[in-house]
Amino acid sequence: MVSTLPVSLEDIHAAARRIAGRVLCTSMVQSASLGELAGAPVHLKLEHHQTTGSFKLRGATNAVLSLSPAERSRGFVAASTGNHGRALAYAAKAEGAVATICMSRLVPENKVSEIRRLGADVRIIGRSQDEAQQEVDRLVREEGLVMVPPFDDPDVVAGQGTLGLEIIDTLPEAAIVLVPLSGGGLAAGVAAAVKGIGSKTKVIGLTMEKGAAMKASLDARRPVQVEEVSSLADSLGGGIGLDNRVTLAMCRDLLDEVILLTEAEIAAGMRHAYACERQIVEGAGAVGIAALLAGKIVGNGPIVAILSGQNVDMEQHRRVINGKAALCGEEGP
């Protein structure tokens, strides 16, 4: 099944060779507190310790290195909810190129400022990922920039899939892998790696309850547009693109389940990560822990939860830890 998909296990192995030495092979640690709760060993993949604070560096680096020197010299452009923009800005700078990052007004300021610090040209466009993408399309068409999509691209998906290789290399007996799910680049890549190896491991996508574009698209069996709302898991916001070519099909064929989480459950995941695991993670990075705390994961073997990012506004993080965060449907974080 995997060989018929847009990204193969061979593509992911090639990406691993390409990005070796440019991204971190992140640690995986066992959580005694979550294991006791789940009744099975729980391991946390600390991908939030990646160089740019999220898994996105894998896909962005693989995509940049897959292009010719002539293409790199034209400059890169992408729409982003923050973490992909930061990763692309970093990867472009490492190759002496310039990145332009288009984002909506929903992207937190801490992510915007970090992208600017890396030397990227930042454009704030509208209130949705789709509006930001329209500016990307214009820059590609009129200025000749090279687009590096945040998720719906084979090279990006293959790069994210290297995380799946690391998980199975470290814990080949893993029964369940919990993956944050937004546009599907991480989920598709990890699932392709895990299942391509021949593992019987289940891969479960986790996302927020409101504005979950991939879940709505999987249910409709076609890309659909959803209203973007504020969420503690802001990195999981945005559409999947009405012309989605890669990730919808891969998530449809490879994910075993998609689970939705409330804002309160995500906040509980962030609090547990900080208080019990000594990890600072953003909302999207806490969804695996959140699902376990909420009793939404049932398994008979080792579970791996990917902590995908740490690029959270620290004032927001303090409010969450103190139980004072405005949740979706209230004022908004």
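Residues take their numbers from the sequence shown, with the count starting at 1. No experiment lies behind these values; they were computed from the predicted model shown.
Between Ile306 and Ile167, some side-chain heavy-atom pair lies under the 4.5 Å cut-off. Counting heavy atoms from C-beta on, the side chains of Met28 and Leu46 never come closer than 4.5 Å. The side-chain heavy atoms of Leu242 and Gln225, taken from C-beta on, include a pair separated by under 4.5 Å. With a 4.5 Å cut-off on side-chain heavy atoms, Val156 and Asn62 do not count as touching. Leu307 places a side-chain heavy atom less than 4.5 Å from the side chain of His48. Put simply, the side chain of Val281 does not reach to within 4.5 Å of the side chain of Val312, judged on heavy atoms. Side-chain contact between Gln30 and Pro41: present, with at least one pair of heavy atoms (C-beta onward) separated by less than 4.5 Å. Two residues are said to be in side-chain contact when any heavy atoms from C-beta on lie closer than 4.5 Å; Gln50 and Val23 meet this criterion.
Listed by chain and number, the residues in a side-chain contact (heavy atoms from CB on, under 4.5 Å) with Glu114 are Arg86, Arg117, Leu118 (sequence neighbours excluded).
When all heavy atoms are compared, the tightest approach of Ala192 to Leu9 is O-CD1, 4.5 Å. Scanning all heavy atoms of the two residues, the minimum distance from Leu106 to Ser230 falls at CD2-OG, 4.2 Å. For Val107 against Thr81, the heavy-atom pair with the smallest separation is CG1-O, 3.5 Å. When all heavy atoms of Thr26 and Lys45 are compared, the pair lying nearest together is O-NZ, 2.7 Å. Heavy-atom minimum distance, Val298 versus Ile176: O-CD1, 3.6 Å. In plain terms, the two heavy atoms of Phe151 and Gly183 that are nearest each other are CD1-O, 3.4 Å.
Side-chain N/O atoms of Lys195 and Thr201 include no donor and acceptor closer than 3.5 Å. Neither side chain, Ser113 nor Asn110, offers a donor N or O lying under 3.5 Å from an acceptor on the other. No donor-acceptor contact under 3.5 angstrom links the side chains of Asp234 and Ser231, judged on distance only. With hydrogens and angles left out, the side-chain atoms of Arg58 and Thr162 include a donor and acceptor closer than 3.5 Å. Under the 3.5 Å distance criterion, with hydrogens and angles disregarded, a donor-acceptor pair is assigned to the side chains of Ser33 and Glu277. Between the side chains of Ser308 and Glu47, no donor-acceptor pair is found at a separation under 3.5 Å. Using a 3.5 Å distance cut-off with no hydrogens or angles, the side chains of Ser54 and Gln310 do not pair a donor with an acceptor. The closest side-chain donor-acceptor pair between Ser104 and Glu228, if any, does not fall under 3.5 angstrom.
In this structure, the side chain of Arg271 does not engage the main chain of Ile321 through any donor-acceptor pair within 3.5 Å. A donor-acceptor pair under 3.5 Å links the side-chain atoms of Asp11 to the main chain of Ser8, judged by distance alone. The main-chain N or O of Ala132 is never found under 3.5 Å from a side-chain atom of Glu135 such that the two would form a donor-acceptor pair. Looking at Thr247, its side chain never comes within 3.5 Å of a backbone N or O of Gly184 through a donor-acceptor pair. In this structure, Gln133 contributes its side chain and Gln129 its backbone to no donor-acceptor pair below 3.5 Å. With hydrogens and angles disregarded, a donor-acceptor distance shorter than 3.5 Å links the side chain of Arg72 to the backbone of Leu65. The backbone N or O of Val203 lies less than 3.5 Å from a partner atom in the side chain of Asp256, making a donor-acceptor pair. Side chain of Asn311 to main chain of Thr52: a donor-acceptor pair is present (N/O by atom type, distance under 3.5 Å, no hydrogens or angles). Side-chain atoms of Asn244 do not come within 3.5 Å of backbone N or O of Pro223 as any donor-acceptor pair. In terms of modelled atom types and a separation under 3.5 Å, the side chain of Asp169 and the main chain of Leu165 share no donor-acceptor contact.
Aromatic rings from His317 and Tyr274 are positioned such that their centres are separated by under 6.0 Å.
A salt bridge does not link Arg105 with Glu131: none of the charged nitrogens is closer than 4.0 Å to a carboxylate oxygen. Asp219 has no carboxylate O lying under 4.0 Å from a charged side-chain N of Arg221, or vice versa, which leaves the two without a salt bridge.
The structure places CG of Leu44 at 10.0 Å from CG of Leu178, a figure rounded to the nearest 0.5 Å. Once rounded to the nearest 0.5 Å, the distance linking CD of Glu282 with CG of Leu236 reads 8.5 Å. To the nearest 0.5 Å, atom CG of residue Leu292 and atom CD of residue Glu265 are 11.5 Å apart.
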